[in-house]
Amino acid sequence: MINSLFLISHSGDIFLEKHWKSVISRSVCDYFLEAKEKAGDPENVAPVLQTPHHYLISIYRGKLFFLSVTQTEVPPLFVIEFLHRVADTFQDYFGDCSEVLIKENTVTVYELLEEMLDNGFPLATESNVLKEMIRPPTILRSVVNTLTGGSNVGGTLPTGQLSNVPWRRAGVKYTNNEAYFDVIEEIDAILDKSGTTVFAEIQGVIEACVKLTGMPDLTLSFMNPRLLDDVSFHPCVRFKRWESEHVLSFIPPDGNFRLMSYHVSSQNLVAIPVYVKQNISFLETGSCGRLDITIGPKQTMGKTVESLMVTIPMPKSVLSVNLTATQGTYTFDLTTKVVLWDVGKLNPQKLPNLRGSISIQTGAPKPEENPSINIDMKLQQLAISGLKVSRLDMYGEKYKPFKGVKYVTKAGKFQVRT
Amino acid sequence: MTTMQRLLQLPVNAVNIVKTVQSQVQGQEEDKSPVLSPDSGQQTWYSALQPDELRHLRSGGTGGGGGGGGGGGGGGDQEERGSQEDGGGGGSFQSQPLRHDDLKEMLDSNKDSLKLEAMKRIVAMIARGKNASDLFPAVVKNVACKNIEVKKLVYVYLVRYAEEQQDLALLSISTFQRGLKDPNQLIRASALRVLSSIRVTIIVPIMMLAIKEAASDMSPYVRKTAAHAIPKLYSLDPEQKDQLIEVIEKLLADKTTLVAGSVVMAFEEVCPERIDLIHKNYRKLCNLLIDVEEWGQVVIINMLTRYARTQFLNPNINESLLEEGGGGEKTFYGSDEDEDEDEEEKEKKAEAAAMAKRKPYVMDPDHRLLLRNTKPLLQSRNAAVVMAVAQLYFHLAPKAEVGVIAKALVRLLRSHSEVQYVVLQNVATMTIKRRGMFEPYLKSFYIRSTDPTQIKILKLEVLTNLANETNISTILREFQTYIKSMDKDFVAATIQAIGRCATNIGEVRDTCLNGLVQLLSNRDELVVAESVVVIKKLLQMQPEKHSDIIKHMAKLTDNIQVPMARASILWLIGEYCEHVPKIAPDVLRKMAKSFTNEEDIVKLQILNLAAKLYLTNSKQTKLLTQYVLNLAKYDQNYDIRDRARFIRQLIVPTEKSGALSKYAKKLFLALKPAPVLESPFKDRDHFQLGSLSHLLNAKAGGYQELPDWPESAPDPSVRNVEVPEWTKCSSREKRKEKKVEKPFYSDSEGESGPTESADSESDSASGSESGSGSEGSGSASESEESGEVSVSEEEEGEEEEKKTKKRELKKAVQESESEQSSEEEDRKHERKMKQRKSDSESESDEEEESESESSQSESDDSESEAEVRKKKKAAESKPPSKPVKKETKKEKKEMSLLDLDDFEPAPSPQVTPVNNLLSNSLVTDLEGLSLSEAVLSPATIAPSSALKSYELLHRITGEGLSVEYCFSRQPFSPDANMVAVQMQFTNSSTSDTKNLHMEDVKLQSGMRVKDFPEIESLPAGETATAVMGIDFCDSTQAANFQLCTHTRKFFVSIQPPVGELMRPVFLTENEFKKEQGQLMGMNEITEKLTLDAKCRNEHTIVQRVTTAANLSRVPCGSDRECRFAGRTVTSGSLVLVTVATREEGAAQLTINCEKMVIGTMLVKDILLALTQ
């Protein structure tokens, strides 16, 4: 399946290679680097490339390319999904998936890769299982290890590998037993010039942080599960129970994990929390333009809109902007030509406004299209779809855990066309 | 101490300097550090290094400084890289051997921490792609190191370099071989893993041996590793394929989810063409699927897709016929209505639709099983799994059901952009075939300005495919915003998309055309050019109407510089010059002027235009044409020169010009067919969706073609797991031969021998086979019958000698059953018996009655006549074997003297099991030899009355109808997972009972029932038997149903004793012990007991146990132990029973069974049987 993996930095430096079958020369990456040069933007590099003898399947994560080489037919999503899982694991182990951190932890990375694949076929990808085999580096442990000659490698077979709950390690113990669930909803929307909704939907995830002793069996039920149109689960969720009773019944992994993600049926009208009044225009004559944006609350369900952020990617011909914001600060990145306006809290009494002039390179034609406006925001203690967790029950263990549920609504891909 | 870690990345020279620097600065701390402690003469190598280091550093420039500063923190990181590159390049000559020396020394030390440090550096080198191969001898020594991390890193090193240093790698083999025997499963597994990863050809036999051994390891984890090792060995030495296939076959039968995914992976890499290996495991794989780890799921689903394509019929066969008839478009829309209905309704609908057709299609239950079991996986968090299920549904599901995958695929569009890319490619292919299913999700494919270009273009493709009369206005409005995008590639793609919409949907063609014409005044040249190209294609469809557009475009030639667009305009004008008679010559005039500066494709079109104008309007354009042709004559490009020469010859009439010039007009102004704007994704679905080949639209190496549906379904019974192998003709023959070779008496003698118990199982199977023809008259399949016939014919053609032997055997059976006391009597009786049989079978017992009623009786009669003849002959011609026979008979008699009246129906139940056991074995032997069922019907030999019968309906409550049932202990042939229940109906009323059948079956979930065939009429005073099958799902839950006659309905229920939920299997002593070894712990139940006074000999114990449970005896060396084995009927879990006897009736009963509930219940039952 996967023959080799190369980690390539943003600038094209191959800084790690790992082979699971015979060694493939790193010159194979040249095809990829060529394609990368051609594409310009790293996002635009085709994930699957064909070379005379190999197929290159790559992902772009954290300014890094994970490039896998395969020689035979393999479902491309299989490899892509696996590479993302590798990146997730790095993130889980080192806190972030970046070049510096990977270089710092080369040996751990190598040990991890060794466990994750055998002969190119995934072996152990569950974070709980991996952590039992290879302990994540901590400053304290590395001190201890250096002094005692101890190691990061576990000596026993992780129980998870063999049990029918491979995602949970055995013998979990906590003094404070707690289970937290974050219901996070994101609004994906496209609004047109006049402010009408072209397309809007709600995607939600439930992120869990469960620190419970033993083998707890949890049941999470919703007040209004009918809202959920399409769902996908962590493997721990018993699908049959969901089908019959619409409750989530599961033995949780230890620690942080994504319990489910869902999609709210598109029949429901999506509440759009803010409106945007905008006027961006480029003058026909003279190389300049005007910009005027006001944001106001629309359907906020009585909550305040926080962390409001407006991103406007300007046409390439824009030289500079000269704007004034009534609230928050704005920046203009000269290389990417992006205006970033950090508004902060939305005050309904005094609507934030950004206005001013844009100057364009002399001689350049008037930009064809007005830039679209991307909005980022957050509403605390609210799931915009109205989804509510009704209760969490625990079976199988005696103690009383602390349970907490938090709701957040965010803007996902929220775009206003101008 | 994080610096320590950072040091790992530093080149060793730098590290050493840091260390020395540190040691100077913080001398005391150094003492504590095991790495840097100055004992065992390490200080010397530090100092020894220093001068060399410095020399190198001096030449290396910045590197030294960086290394020195590295101790300060992360700042040194970048410089350090610089120094390393130096090392890898020119400076390597000096530095490489150096650092390796110090590493070697560290590896040789006896401190684990030093070794670990060294190994970490070496691994870091490997990770960066630096060569560390010269360290091989030093590293390989540490393969047996106690420290587990060192060991692991050594493994990493070995796997990387063993291929290059094969001889040295051999040094490590013995360590792994030792590891393979380790009691710790983790060590066994990792030893096998490394051993198989070392690509050294010499050790192939060792690997093979290790894999074989590991494949039958107790630990599923080791078995999984063995599965992983198979493709490794195969890639190393493809000649081992046959042996590996054997291992794969064995592992495929494994029941643990851990192994399933890995072994299917191995199967796919080694022998994907051996689809026959899957048959027996198909249902198991389907059922396990949901619990297999996600990566395994992907592989299994892909493989099963291929499997299903070879084994089942096309569920859309009727629709595809329709489609060919031309109604294809419309059927797409039908499917989305059905989407919200639940599956059952859909099924019904689909079925109903299919029934309506001439050739009714009924989905194979196994096909349905696959679809049902994969569906929940659409909810997986793993995109690859979702995609795998989606492609399975796309390729295998009936049209009405494919819709379910749309939602899941749309969900994946929220994922990473790479996932989106792949999913969109597949969606694009799907939307061409099944547009309806994605239409409700149209808006999910709307494009955001922030999407990467490649995603945008794919989304556009999907939107275009989804466009139809109803949604086109929305889509076009959406396209309009896209045209204004800053991303020019995307704009060009949008224009093409508009063109495609316009060609596909006639209603909007004019709107699109107008829109595109407006684009001609766009400022961006690329946009204009792309529009021109698309307009050209559109105009070609109906040029008459649009001469004004052509005129408009003619004007554009002044401005547009993009060659392709210019060429397109010129072609248009030339082609439709009759519609623009005034403008065309003028355009040519302008073009003639700029001819020399044009691009090649434009020049060619100018020539074309000139030629066409010359032919239609020679008066105005003659000179211009000649001028252009002259220019072209001296062009640099030979294509253009050629074209000019060719055109001149064709169009300008001269004396020399050939016959062709007459046809010049026809040649140039022929009606050209309008271009078809097709999706690039058309017909991509001949590649399996989700595959790499599909994505690249080219066959990738190792791609397995998705086979076409078969014309007619192959035999579905190959997937029946419970039916033993030998029902297949070939194996049956094999078996026959084997049996024939054996001296016949050895079989009849050793009643408790090993072969016997095997036979008792197969006998029951054979019983069902022959019985089903008669008992379940309606349900028996034709193929079965025909099979039997052919075999009996075969038998007829056999040699004389064999026949006589067979006859002897038959006799033995009959005798053993009838238990005659003397030879003469025996003979007489035998004859009598034969006579009886050939006269009418109805005399023997109830079961046979039904048989004689069945339609088969005619053919049976003739056959049995033949048998009689044969037997008579045998009786005369075979004296020598008789004494032996007699002896055995006598022995038997002694054992079971109590109650052996030959064919009296009700012998005491305690003894009959033995009787059964014995006779069964013989029957099977005979079954192997001759399959003429009339004589050897198992019913004759295993009288049903021997089995305990239960009352289902009492005479009084049943108003004259009484029903009894017993568990006939014969496999239920229509479905091997069912327990056969034989029912005996007695009508003791005064009137006939009609239409006896069952209705309204109420079952626990998972249970299934196969009804007995309706008994049309049961005259007063008569009895009838029928067999039904119940799948109790390995539970003792009752099956409730209504027994209906033409007048009444009775509620009845059948509850099985636990002993009837299993069927006997044959195991050898060794196999038994092995299986028992794997079913320890929770799966083992042990009870002490005191045997009943009457039950102290082995014989009675066997009797009682086999009466209590349908098990077969396992041969056993010790006479103090009796062993029995069976498998549960539904899940096939092993049930192993051991009764160990001690002095004075003390005994110990041990039951090993995966199903603990069954085990506990069985313990109770057997205890009861043995102590009473």
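Here is how names work: the chains are called A, B, and so on, in the same order as the sequence lines, proteins then strands, and each is numbered from 1.
The backbone N or O of T453(B) sits less than 3.5 Å from a side-chain atom of N44(A), completing a donor-acceptor pair. Side chain of E418(B) to backbone of Y60(A): a donor-acceptor contact under 3.5 angstrom is found. A distance-only check finds no donor-acceptor pair linking the side chain of Q415(A) to the backbone of R448(B) [under 3.5 Å]. Remark: side-chain polar atoms of K443(B) are paired, donor with acceptor, to backbone N or O of V198(A) under 3.5 angstrom.
S261(A) has its side chain out of reach of R381(B): every pair of non-hydrogen atoms, C-beta onward, lies at least 4.5 Å apart. Between P47(A) and Q454(B), some side-chain heavy-atom pair lies under the 4.5 Å cut-off. H263(A) is not listed as a side-chain neighbour of K407(B), based on a closest heavy-atom distance of 4.5 Å or more. Residues E163(B) and S22(A) have side chains in contact (heavy-atom distance under 4.5 Å, counting atoms from C-beta outward). Side-chain contact between I14(A) and R128(B) is absent, with no heavy atoms from C-beta onward closer than 4.5 Å.
How far CZ of R417(A) is from OG of S449(B): 8.0 Å, rounded to the nearest 0.5 Å. Of the inter-residue distances, the one linking H416(B) atom NE2 with L77(A) atom CG reads 11.5 Å to the nearest 0.5 angstrom. S232(A) OG to L377(B) CG: the interatomic distance, rounded to the nearest 0.5 Å, is 12.0 Å. From Y262(A), atom OH reaches atom CD of Q379(B) across 15.5 Å, with rounding to the nearest 0.5 Å. How far CZ of R121(B) is from OG1 of T106(A): 13.0 Å, rounded to the nearest 0.5 Å.
Only the side chain of Y421(B) comes within less than 4.5 Å of a heavy atom in chain A; its backbone stays farther off. Contact of I447(B) with chain A is made through the backbone alone, with heavy-atom distances under 4.5 Å. The contact between F233(A) and chain B is made by backbone and side chain atoms together, counting heavy-atom distances below 4.5 Å. For Y55(A), the part lying under 4.5 angstrom from a heavy atom of chain B is the side chain only. Residue M260(A): no heavy atom, backbone or side chain, is found under 4.5 Å from chain B. Residue A408(B) touches chain A through its backbone alone, counting heavy-atom pairs closer than 4.5 Å. Of the two parts of M265(B), only the side chain, counted from C-beta on, holds a non-hydrogen atom closer than 4.5 Å to a non-hydrogen atom of chain A. Looking at V423(B), the atoms closer than 4.5 Å to chain A (heavy atoms on both sides) all sit in the side chain, from C-beta outward. When heavy atoms are compared at a cutoff of 4.5 Å, F687(B) does not approach chain A at all. Contact of T256(B) with chain A is not made at all, since no heavy-atom distance falls under 4.5 Å. With a 4.5 Å cut-off on non-hydrogen atoms, N302(B) touches chain A through its side chain but not through its backbone. With a threshold of 4.5 angstrom between heavy atoms, S380(B) approaches chain A through N, CA, C or O but not through any side-chain atom. For a residue to count as touching a neighbouring chain, one of its non-hydrogen atoms must lie under 4.5 Å from one of that chain's; by this rule K21(A) touches chain B with backbone and side chain alike. Residue D118(A) touches chain B through both its backbone and its side chain, counting heavy-atom pairs closer than 4.5 Å. For chain A, the nearby part of V299(B) is the side chain; its heavy atoms alone come within less than 4.5 Å. Using a 4.5 Å cut-off between heavy atoms, K699(B) touches chain A through its backbone atoms (N, CA, C, O) alone. Interface remark: Q688(B) contributes no atoms to any contact with chain A (heavy atom separation under 4.5 Å). Residue contact with chain A, scored on non-hydrogen atoms closer than 4.5 Å, involves the backbone and the side chain of T450(B) alike. Interface residue R61(A): only side-chain heavy atoms are found under 4.5 Å from chain B. Using a 4.5 Å cut-off between heavy atoms, F6(A) does not touch chain B at all. For a residue to count as touching a neighbouring chain, one of its non-hydrogen atoms must lie under 4.5 Å from one of that chain's; by this rule A39(A) does not touch chain B. For A87(A), no part lies near chain B; criterion is any non-hydrogen pair under 4.5 Å. For chain B, the nearby part of N374(A) is the side chain; its heavy atoms alone come within less than 4.5 Å. There is no contact between E268(B) and chain A, counting heavy-atom distances below 4.5 Å.
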Run I126(B) and Y110(A) through side chain to side chain contact (heavy atoms under 4.5 Å, CB included) and show every step you take.
CA-CA 9 Å; I126(B) 296 175; Y110(A) 228 67; 3.3 Å; yes

Do K224(B) and L123(A) pass the side chain to side chain contact (heavy atoms under 4.5 Å, CB included) test, and can you show the C-alpha distance, the side-chain angles, and the key distance before you say yes or no?
CA-CA 10 Å; K224(B) 183 190 176 77; L123(A) 194 62; 3.9 Å; yes

Test E81(A) against W295(B) for side chain to side chain contact (heavy atoms under 4.5 Å, CB included), laying out the working first.
CA-CA 10 Å; E81(A) 184 77 25; W295(B) 310 109; 3.9 Å; yes

Please lay out, stage by stage, how R85(A) and N382(B) fare under the test side chain to side chain contact (heavy atoms under 4.5 Å, CB included).
CA-CA 10 Å; R85(A) 208 59 75 78; N382(B) 188 317; 3.6 Å; yes

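Shown here for P76(A) and S691(B), the closest heavy-atom pair between the two residues is CD-C, 3.5 Å. Shown here for P371(A) and M486(B), the closest heavy-atom pair between the two residues is CA-CE, 4.5 Å.
Top candidate by heavy-atom pairs under 4.5 Å with chain B, chosen from L83(A), L16(A), D192(A), N119(A), is N119(A). Of the listed residues (F199(A), W20(A), W242(A)), the greatest number of heavy-atom pairs within a distance under 4.5 Å of chain B belongs to F199(A). Between chain B and the residues H19(A), E115(A), K18(A), K316(A), the most heavy-atom pairs under 4.5 angstrom are made by E115(A). In terms of heavy-atom pairs under 4.5 angstrom with chain B, the leader among S25(A), G120(A), S372(A), P235(A) is P235(A). Residue with the most contacts toward chain B among E126(A), E186(A), E114(A): E114(A) (heavy-atom pairs, distance under 4.5 Å). When each of D41(A), D188(A), I57(A) is scored by its heavy-atom pairs under 4.5 Å with chain B, the top score falls to D188(A).
A side-chain N or O of E73(A) and one of S693(B) form a donor-acceptor pair less than 3.5 Å apart. A donor-acceptor pair shorter than 3.5 Å cannot be found between the side chains of E43(A) and S417(B).
Using bins of under 30°, 30° to 60° and over 60° for the plane-to-plane angle, the ring pair H228(B)/F121(A) lands in the tilted bin.
Using a 4.0 Å cut-off between charged nitrogen and carboxylate oxygen, D230(A) and R411(B) count as a salt-bridge pair.
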